[in-house]
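Inspection log for the structure reproduced underneath, given as structure tokens.
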Protein chains: 2
Amino acid sequence: MASVRRELQTERGTLEEIERAIMQISWLAQRQFMQLLDDERFRLTLPQFYTLIHLQHVGEECKMSDLADATHQSAASLTGVVDRLVEKQLIERSRHKHDRRQVMVCITARGIALISEIRHARREQMQMALGQLSEDEVDTFQLILDQVLAGMQRVTEYGENRRLA
Amino acid sequence: MASVRRELQTERGTLEEIERAIMQISWLAQRQFMQLLDDERFRLTLPQFYTLIHLQHVGEECKMSDLADATHQSAASLTGVVDRLVEKQLIERSRHKHDRRQVMVCITARGIALISEIRHARREQMQMALGQLSEDEVDTFQLILDQVLAGMQRVTEYGENRRLA
DNA sequence: TGATATACTCAATACTGTTGAATATCTACA
DNA sequence: TGTAGATATTCAACAGTATTGAGTATATCA
């Protein structure tokens, strides 16, 4: 941590370059993925996809509020997203057995199948994007990405804590 | 390129991990940045910001259709985005001198100042996200990111070419 | 001059995001 | 037991953005 701080003070270029690159990649990645998801086979939006994939990842039924936290959406907008996924029969809504205030959501077999199709379609794009990297670079990249992801999750938590204060 | 293809066939885990990490980082980065831009000081949306920052980057007036291409938005939605930026006096619209069909857009001093403020606010988040990386890792990360960005831009171009065919 | 191409905007519709209010249900305490 | 307060979710109203296709203005070329 200290090393980056120091570098930031003395030579601010690299960090700004990375910031710029991450922003551009994020924007581009979302745009490209949005277009892929708009294909007639899928007809999903980004929030719908990220909601669906989280449900597939946890593998069991999930509380609305937990789902909202995990996908970084407000409970209010998640309601609409879930409405549309239920309509497409990709997920199912139910009530918690004991606490009937809680709405539980679960991915269907159809939802799992769709995600698998999307991942397959996505692979072609990823191969092209990462095609110029050597094997070593791919490995290094993965390690660094994991750390960046962890760092970004810290930012989110910090922001939430600060909001409470 | 060949090396990644080969690895994909033999051991598909790494590439999928990277795919997952890039998707998560993109989603998270956009969400976090969205919240930052929603601050009362800025009140911008993501499309508005990326449009503004492209205008600042080119530094001179820019045709609507070029701006749409560069920011990966349709001409139709860009019209609305530009409307709102003009309303906030962050950019200005004018007509091309010779070809009066073309609408030219240019960032104002106020727009430049706002971007500078946003960058400054963003820096805190980035420091926290990248804080765990060593200096070497930061340098390596930057080099790899540039290649990934180039790769992703190839994907976009490929997609556009294929759409024409 | 008239036909066609180009550049952009507009209109209708769908989805997502925000806020704050409304509803239902649970919990705890007198 | 009954009721106040906490919790979980939805709803309603509104703004922004994406998509499509139609409409308008201007330019170009025969």
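Just so we're on the same page: letters track the sequence lines, and every chain starts at 1. Source: prediction; values computed, not measured.
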Tell me, please, which residues at least two apart from D66(A) pass side-chain contact (heavy atoms from CB on, under 4.5 Å).
C62(A), K63(A)
Under 6.0 Å from the NE2 atom of H96(B), do we count more than 12 heavy atoms belonging to anything else shown?
yes
In whole angstroms, how far is the P atom of dA18(D) from the CD atom of Q30(B)?
11 Å
For R31(A), answer base if it contacts any base atom (sugar-phosphate contacts may also be present), sugar-phosphate if it contacts only those atoms, and nothing otherwise; contact means non-hydrogen atoms under 4.0 Å.
sugar-phosphate
Would you please name every residue forming a side-chain contact (heavy atoms from CB on, under 4.5 Å) with S74(B), sequence neighbours left out?
A76(B), S77(B)
Distance check needed: dT16(C) P versus Y50(A) OH, whole Å only.
14 Å
Between D38(A) (CG) and dA14(C) (P), how many Å, whole number?
15 Å
The side chain of S77(A) lies closest to which of these nucleotides: dA27(D), dA18(D), dG17(C)?
dG17(C)
Looking at every strand, decide which applies to H98(A) at a 4.0 Å heavy-atom threshold: base, sugar-phosphate, or nothing.
sugar-phosphate
Q73(B) CD to dT20(D) C1', straight-line distance once rounded to whole Å:
17 Å
Rounded to whole Å, how long is the line connecting atom CG of L46(B) with atom P of dC15(C)?
21 Å
dT19(D) C1' sits how many Å from D39(A) CG, rounded?
15 Å
If you take the centroid of each ring, where Trp contributes its six-membered ring, are F49(A) and F33(A) closer together than 6.0 Å?
yes
In terms of relative ring orientation, are W27(A) and Y50(B) parallel, tilted or perpendicular, with 30° and 60° separating the classes?
parallel
Of D99(B) and M34(B), the one whose nearest nucleotide on DNA chain C sits closer to the 5' end is D99(B)
In whole angstrom, give the distance that lies between atom CG of L67(A) and atom C1' of dA8(D).
14 Å
Distance-only polar pair, side chains of Q89(A) and T108(A), donor-acceptor under 3.5 Å:
no
Side-chain donor-acceptor pair present, E137(B), Q132(B), cut-off under 3.5 Å
no
Between dT18(C) atom C1' and Q35(B) atom CD, what is the distance in whole Å?
12 Å
Comparing S74(A) with R100(A), nearest DNA chain C nucleotide closer to 5' gives the residue S74(A)
Whether each nucleotide of nucleotides 9-16 of chain D has a protein heavy atom under 4.0 Å at its base (B), only at its sugar-phosphate (S) or at neither (-) is summarised, 5' to 3', as SBB----S
